[in-house]
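Structure record follows, encoded as C-alpha cells.
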Amino acid sequence: MRALAADLTYVEDRFQSDVAVVFDEQDGRIDRVQPAARPTPGIEVERCSGCALVPGLVNAHSHAFQRAIRGRTQWRPLGEHADFWSWREAMYRAVLRLSPDDMYELARFCFIEMLLAGYTTVGEFHYVQRDERGAEYANPNELALQLIRAAQEVGIRIALLNVCYATGGVGEALREEQRRFGTPDLDRYLSHTEQLRSQVQGKPLVSVGLAPHSLRAVPSDWLAPIASHAREHDLPLHMHVAEQPAEVDACMRAYGRRPGELLADRGLLDARFTAVHATHLNTGEILALGQAGITVCACPTTERDLGDGIPSARELVDAGARLCIGSDSQTVIDPWEEMRSIEYHTRLATLRRVILAEEVGHGRSEVGPLLFRAGGANGAGSLKVDAGVIAPGKQADFVLIDLDHPSLAGWTQATLAAHLALCAPAAVVRDVWVAGRIRVQEGQHPALKAARPAFDAVCQRVLP
Ligand SMILES: [Zn+2]
C-alpha cells in the first residue's frame, strides 16, 4: 500500500484539503480516502507539497494513427476550398501507407503524449483493420493488437472500440480508398470482436467495446444486432453521430428520418451508448438522446479543426445526456483544452458566459464541476472502466498538478477547479499514475526519447 497526500485533492466534485489517498500498488485500486492526519499503520503518507491530486483524465474518442497527419493538412490548393471531406481524403492517403509496425509506432508516441497531458485512459476507436490491399490479416485483429501493445508498453489504460465499417456512404458501396476499413459481414465483425476479447483476456489495462462507425459506414439493419450484442456482453457502444450536415441529409434521403430518430428506432439509445460529436441534432433528437441517458463525446479541438460545428452542450445536459471528451484526430492532445472548449465554443455561439454551470451553494453556479466530470467520470462511464474519480474501490489513476506553475498563480481552494478547467495548459501536469503505478514523473515519460525518431519517420513517409 501507498498513501499520497497533496495540498488539495479532487474528491466528490470539489477540491478538499488534508486528504490522503491510500491505494494498493498490487491490484492498482484505491483502498480508501481519509483525513491526512489519520494514522495509517505500516504505510508512510507521502506528502506532495505544492501539488494537487485530481482523477486521471479519460480520452473517450481517439484515432491514434491520425497523430501522423497533425499540421500536415492545414493548407489547400489555391482557389479550392477545404472542409471535413477534403481533410478525409488526406487521411485516407495516409491510411493506405501504414504498416502494422507504423501503427504501433504512431500509437506508442501518441499515447505517451496523452499521458504527459494527463490522460490515463484512451478509448481507441479502431477502424483501420485490413492490410494495404484490403485483405484480412492472418490474425484479423492484427492492428488492434498493435494498438494494445503500444498502450501496454507506455502504461495507458485502453478500451479498444472495435469498429464495424461496411459502406462508403449511406447505402453506397465501399470506395477503393476505404478498403482497409471493410467489415465483410456482421457475423464476422462480431466473431472477430469476440476473438479479440479472448485474446486480451487477463491483460492488465485492456478492455474491448463495440463501435459501428457511423450511419455513413454501417447498414441500418446491422445496428440492432450490434446493440443487442453489446447488451448481452455488457460492452460499451460508441458511434459517430451527425458530425456533418451532409451526413444528416444522406440519412434523411435514405431512411426518411434524422440520425437520432433512426438510432432510437433501432434500439441503440440507452445509457450504454455514446454518440461522438452529435453536432447536428435538432431539438427533438436532443430530447430523445438526453431522455435515453446517453453520453455525448465532444471533441471540440477536432470539431473546430474540421469545421464540424458546435454541439448544443447545454441543451444536451438539460435533456439528461452526460458529456465526455475525446482528442479524436489528435490535432491537439490536451484534456484541459477539450474540457474548456466545450464551454468556450458554446459562449461564442450564444454570446453568453458561464453556460455549463451548476449550483455549488452560496447562491452561485460554476462550470468547474461539470467540466471535471466531462474530463473524468463521464468518459470512464462511457468506456465502462472503473476510473475517473478518486474514491474507494476505483482504479488508482491520478494526475498530480504542479500548483507552483506560473499559469496557476493566484489559485485558491475555491477557484482551483476553474483555474484548471478554464485557464491552465497541460504543462501543469507533473506526475501521472495509472493503476497505482507512476507513468509520468516530473513531466517526463521514460519512453518518449526512444519513441520519437521512429514516429517522425512514419509521419514523413505517410503524408510527406
Ligand atoms: Zn472520430
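All residue numbers in this chain count up from 1 along the given sequence. When a ligand or atom number is given, it counts from 1 through the structure's own listing order. Just so you know, these numbers come straight off a predicted model, no measurement behind them.
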Q.
If the threshold is 4.0 Å, N to carboxylate O, is there a salt bridge linking Arg108 and Glu105?
A. yes
Q: Begin with the C-alpha distance, continue with both residues' side-chain angles, and end with the deciding distance and a verdict on side chain to side chain contact (heavy atoms under 4.5 Å, CB included) for Leu147 and Met103.
A: CA-CA 7 Å; Leu147 293 163; Met103 200 65 142; 4.3 Å; yes
Q: Could you tell me whether Phe181 and Tyr92 have their ring centroids closer than 6.0 angstrom?
A: yes
Q | Carboxylate-amine/guanidinium contact Arg216 Glu243, below 4.0 Å | A | yes
Q: Go through the steps to decide whether His238 and Phe125 satisfy the test ring-ring contact (aromatic ring centres under 6.0 Å, His included), and finish with yes or no.
A: CA-CA 8 Å; His238 283 222; Phe125 196 102; 7.2 Å; no
Q | Sub-2.8 Å protein N, O or S atoms surrounding the Zn ion (ligand 1) | A | His61 NE2, His63 NE2, His240 NE2, Asp328 OD1
Q | Matching residue for Arg175 among Glu172, Arg179, Glu177 - test: side chain to side chain contact (heavy atoms under 4.5 Å, CB included) | A | Glu177
